[in-house]
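What follows is one structure encoded as structure tokens, with my remarks underneath.
In what follows, chains are A, B, ... by sequence order, proteins preceding strands, each numbered from 1. Both backbone and side-chain heavy atoms feed into the values below; hydrogens, waters and symmetry mates do not.
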There are 2 protein chains.
Amino acid sequence: MIFTKSTKYAIRAIIFIAERCEAKENCSIRDISGTLEIPFHFLTKILQKLTEAGILISAKGTHGGVRLNREPEDILLKEIVHAVDSEYSTEECILGFPQCDEKNPCALHYMWQEPRRYIERIIGETTLNDILKNNEIHKL
Amino acid sequence: MIFTKSTKYAIRAIIFIAERCEAKENCSIRDISGTLEIPFHFLTKILQKLTEAGILISAKGTHGGVRLNREPEDILLKEIVHAVDSEYSTEECILGFPQCDEKNPCALHYMWQEPRRYIERIIGETTLNDILKNNEIHKL
DNA sequence: CGGATAAAAGACTCTTTTATCTGATTGAAA
DNA sequence: TTTCAATCAGATAAAAGAGTCTTTTATCCG
Ligand code: SF4
Ligand code: SF4
């Protein structure tokens, strides 16, 4: 609805990593994939992006895997979203016009301001820690 | 972002029809397609759905075309959206889980309530007339 | 009335994007 | 040096979007 499937997977995976893996321990991608029922190779690609973005850190070989590269309170939802889907934007016209004309807006433009602002705030200000505070997510 | 391309096309087309065609006159789909730069055959499919939904009424043959079947104040945005994309829903979990657990929600669930409610209100309560009141939409 | 024509409806095919799967490569640990 | 697990390259599948062509139905014009 608002996030792409990749983005949803990314968020779910990060929550899993933060909750299930101790700071110094690696999470095997295979495990994450199995538990969260996310296609393995699709997940690897997503996690690679998160690693490139400096959100995760990965290790090959035995006991390898992936873990957080920073404290949950230093990871913004925004970073996760943009790491996975660099095009993501809330600026676009709700009717798909190329540039949004703030000067002479249509009614929908106007109505869309409020929810858009909320969404921008959620994505821009929520940290991984905020998400973790409200405990167990079902299926995890 | 929130609407599919088909839905955006549908809304733009309906606005065009309402503004450019007199009550008893038909709008040629070819014209709409040309003016709004919407692929012709893609648009016909969308408009067919709107016709099936009773929002538009169509006529074949010379001077045929499409026009509103009801007054703009009796056409809810919701109807347009659902006519084109019957699956559309704002109920879904923002993280893509199958059923949303209201009992023990995660933080995102909670944060998502506000914008979701706004969006539901926009879609559920806005009529075509509300959209038309705020005059000219650019590129139309 | 009867054929020419205009325009929507419908059936297919093609392209692009998003999502998923298969298999080979690399590197770390044991 | 074997083994485990991430990485990387590529093919395939599914969905959304766009294009081609045929059929149907209404008007027009003689
Ligand atoms: S005014 Fe309306 S149509 Fe124009 S860019 Fe803004 S939302 Fe889109
Ligand atoms: S609580 Fe969170 S994860 Fe669970 S259904 Fe609601 S939004 Fe989705």
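- Contacts with DNA chain C (heavy atom under 4.0 Å) in residues 42-58 of chain B: K45(B), Q48(B), S58(B), listed by number.
- The two residues V66(B) and I32(B) make their nearest non-hydrogen contact at CG1-CD1, 4.2 Å.
- Atom pair L36(A):CG and dT20(C):P shows a separation of 14 Å (rounding to whole Å applied).
- Note on ring orientation: taking the six-membered ring where Trp is involved, the planes of F3(A) and Y88(A) are tilted (angle from 30° to 60°).
- Between the C1' atom of dG17(D) and the CZ atom of F3(B) lies a distance of 18 Å, rounded to the nearest Å.
- For H41(A), the side-chain atoms get nearest to dC8(D) when compared with the rest of dT20(C), dA19(C), dC8(D).
- Cation-pi geometry between R117(B) and Y118(A) is not met: the NZ or CZ atom fails to fall both under 6.0 Å from the ring centre and inside 45° of the normal.
- Salt-bridge annotation for E114(A) and R121(B): absent, with no side-chain N of the basic residue lying under 4.0 Å from a carboxylate O of the acidic one.
- One interatomic measurement links the two molecules: CG of D31(B) to P of dA6(C), which rounds to 14 Å at whole-angstrom precision.
- Here the straight-line distance linking atom CD of E79(B) with atom CG of D74(B) works out to 8.5 Å at 0.5 Å rounding.
- Note that CD1 of I2(B) and CE of M1(A) are 4.0 Å apart. Values are rounded to the nearest 0.5 Å.
- Distance I32(B) CD1 to dA9(C) P: 11 Å, rounded to the nearest Å.
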Protein N or O to nucleotides 3-5 of chain D N or O, pairs below 3.5 Å:
unit_1 : atom_1 : unit_2 : atom_2 : d
dA5(D) : O4'    : G61(A) : O      : 3.2

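- Between the NZ atom of K5(A) and the C1' atom of dT17(C) there is a distance of 14 Å, rounded to whole Å.
- Whole-Å rounding puts the K8(B) NZ to dA18(D) P distance at 11 Å.
- Rounded to an integer number of Å, the gap from CZ of F40(A) to P of dT22(C) is 13 Å.
- Distance alone, capped at 3.5 Å, is enough to place a donor-acceptor pair between the S33(B) side chain and the I38(B) backbone.
- Using a 4.0 Å cut-off, some side-chain N or O of T4(B) falls inside it from OP1 or OP2 of dG17(D).
- Residue N26(A) contributes atom CG, which lies 10 Å from atom P of dT7(D) at whole-angstrom precision.
- The two residues N26(A) and H63(A) have their closest heavy-atom pair at ND2-O, 3.1 Å.
- Side-chain N or O atoms of N69(A) include one that pairs as donor or acceptor with a backbone N or O of G54(A) at under 3.5 Å.
- Contact check, Y9(B) against dA18(D): a side-chain N or O comes under 4.0 Å of OP1 or OP2.
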